[in-house]
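All remarks here apply to the structure that follows.
Values reported hereafter were calculated over all heavy atoms of this structure, with side chains retained and with hydrogens, waters and symmetry mates removed. Only a predicted model underlies this, so the values are computations on that prediction, with no experimental measurement involved.
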Amino acid sequence: MNETVNLSEAHVEQAARRLVRAAAEGVPCAPVRDLIGADDLDAAYAVQQRIVRDRIRGGAVVVGRKIGLTSSAVQRQLGVDRPDFGILFEDMAYLGGDTIPIESVQQPRVEAEIAFVLARDLADGPLDIAQVRAAIAYAVPALEVCGSRIENWDIRFADTVADNASCGAFVLGPRRMTLRDFTPRDVVMSMTVDGTEVSTGNGAACLGDPLEAVAWLARQVRDLGEPLLAGQVILSGALGPMHPVVAGNKVTARITPLGAVTVTFGEGKA
């Protein structure tokens, strides 16, 4: 029994090292499912937690969470069938109008989302939609720049979970709205790259309701002993398909009625 446990821990450590090396060297790696299995949820999150723990020990600051794979369109793109979640760090954050160095995110793909900022912790209680609504200070239009340390985005569920849910960067738009002023599931989204529409969607594409996605996340991380906290940014999930970007691209998402958020991708590294 101990031999099996030790073997599993060794595989988790090997998978974490593979992903960390890919990030440090800027060269995508092979999938990690050969080490931890394609659908082993516990092993995949163990790899993610190991990488996150080491980043925090190195001085990285957690500013929020992301929910991934909430859109059926994105799930079909990536060949998975359930949501996942990851950690947002301070060095991933940008504001609308900023320029993101293209090499700071590996194999970047962009998607449009609603970002929520919490006014209070989500640590106790039923963590249902009513409690989530009461905990949200405001929402803003957002772009998530997904990035994969795994070559050619050759991922299964365990690969993306282990890779911090394919987090790369995120961009927050300028306009803040409270939930008194709009209904998240009713938003309509259009995303353009250099003026050409590349993605459309709506709030219902995000697990039926972005607030349902946040409630799902709140319960998941509370059960792990790491609840959502006041002040954190929560990326609630894609409203439509993601799209690849290259240096020179200008991406704009218009999420009615939240407004627009724009980012440009420049040459070089962060």
*Got a sec, which pairs hit salt bridge (charged side-chain N to carboxylate O under 4.0 Å, His left out) with one end in residues 61-71, sequence neighbours left out?*
Arg65-Glu226, Lys66-Glu144

[X], [atom1] atom: more than 12 neighbouring heavy atoms under 6.0 Å:
X	atom1	answer
Arg254	CZ	no
Arg219	CZ	yes
Asp124	CG	no
Arg185	CZ	no

*Stepwise side-chain contact (heavy atoms from CB on, under 4.5 Å) test for Asp163 and Ser148*: CA-CA 7 Å; Asp163 191 21; Ser148 182; 3.9 Å; yes

*Under 4.0 Å between a Lys/Arg side-chain N and an Asp/Glu carboxylate O for Arg175 and Asp181?*
no

*Does the pair Asp54/Arg17 count as a salt bridge with the N-to-O cut at 4.0 Å?*
no

_Given Val62, which partner from the list Leu229, Ile56, Leu88 fulfils the side-chain contact (heavy atoms from CB on, under 4.5 Å) test?_
Ile56

Can you tell me if [X] uses its side chain to pair, donor with acceptor, with the backbone of [Y] under 3.5 Å?
X	Y	value
Asp40	Ala158	no
Gln48	Phe85	yes
His11	Leu35	yes
Asp194	Lys250	yes

*Nearest heavy atoms of Ala247 and Gly266, plus distance in Å*: CB-O, 4.0 Å

_Closest approach of Ala253 to Ala112 (non-hydrogen atoms, all atoms of both residues)_ = CB-CB, 3.7 Å

*asked:* Quiz question: by atom type and distance under 3.5 Å, do the side chains of Thr264 and Thr99 form a donor-acceptor pair?
replied: no

_Applying salt bridge (Lys or Arg N to Asp or Glu O under 4.0 Å), can you list everything that pairs with Asp34, at least two apart in sequence or on another chain?_
Arg18

*Considering residues at least two apart in sequence or located in another chain, which fulfil the salt bridge (Lys or Arg N to Asp or Glu O under 4.0 Å) criterion with Glu151?*
none

*Taking side chain as C-beta onward, heavy atoms only, is Leu211 less than 4.5 Å from Ile136?*
yes

*Check whether any side-chain heavy atom of Val47 sits under 4.5 Å from a side-chain heavy atom of Val32, and report yes or no.*
no

*Could you walk me through whether Ser166 and Trp153 pass side-chain contact (heavy atoms from CB on, under 4.5 Å), step by step?*
CA-CA 9 Å; Ser166 303; Trp153 281 86; 3.8 Å; yes

_If hydrophobic clusters are built from ILVMFWY residues whose side chains come within less than 4.5 Å, do Phe182 and Ile234 share one?_
yes

_Distance, nearest 0.5 Å, that separates CD1 of Ile51 from CZ of Arg149_ = 8.0 Å

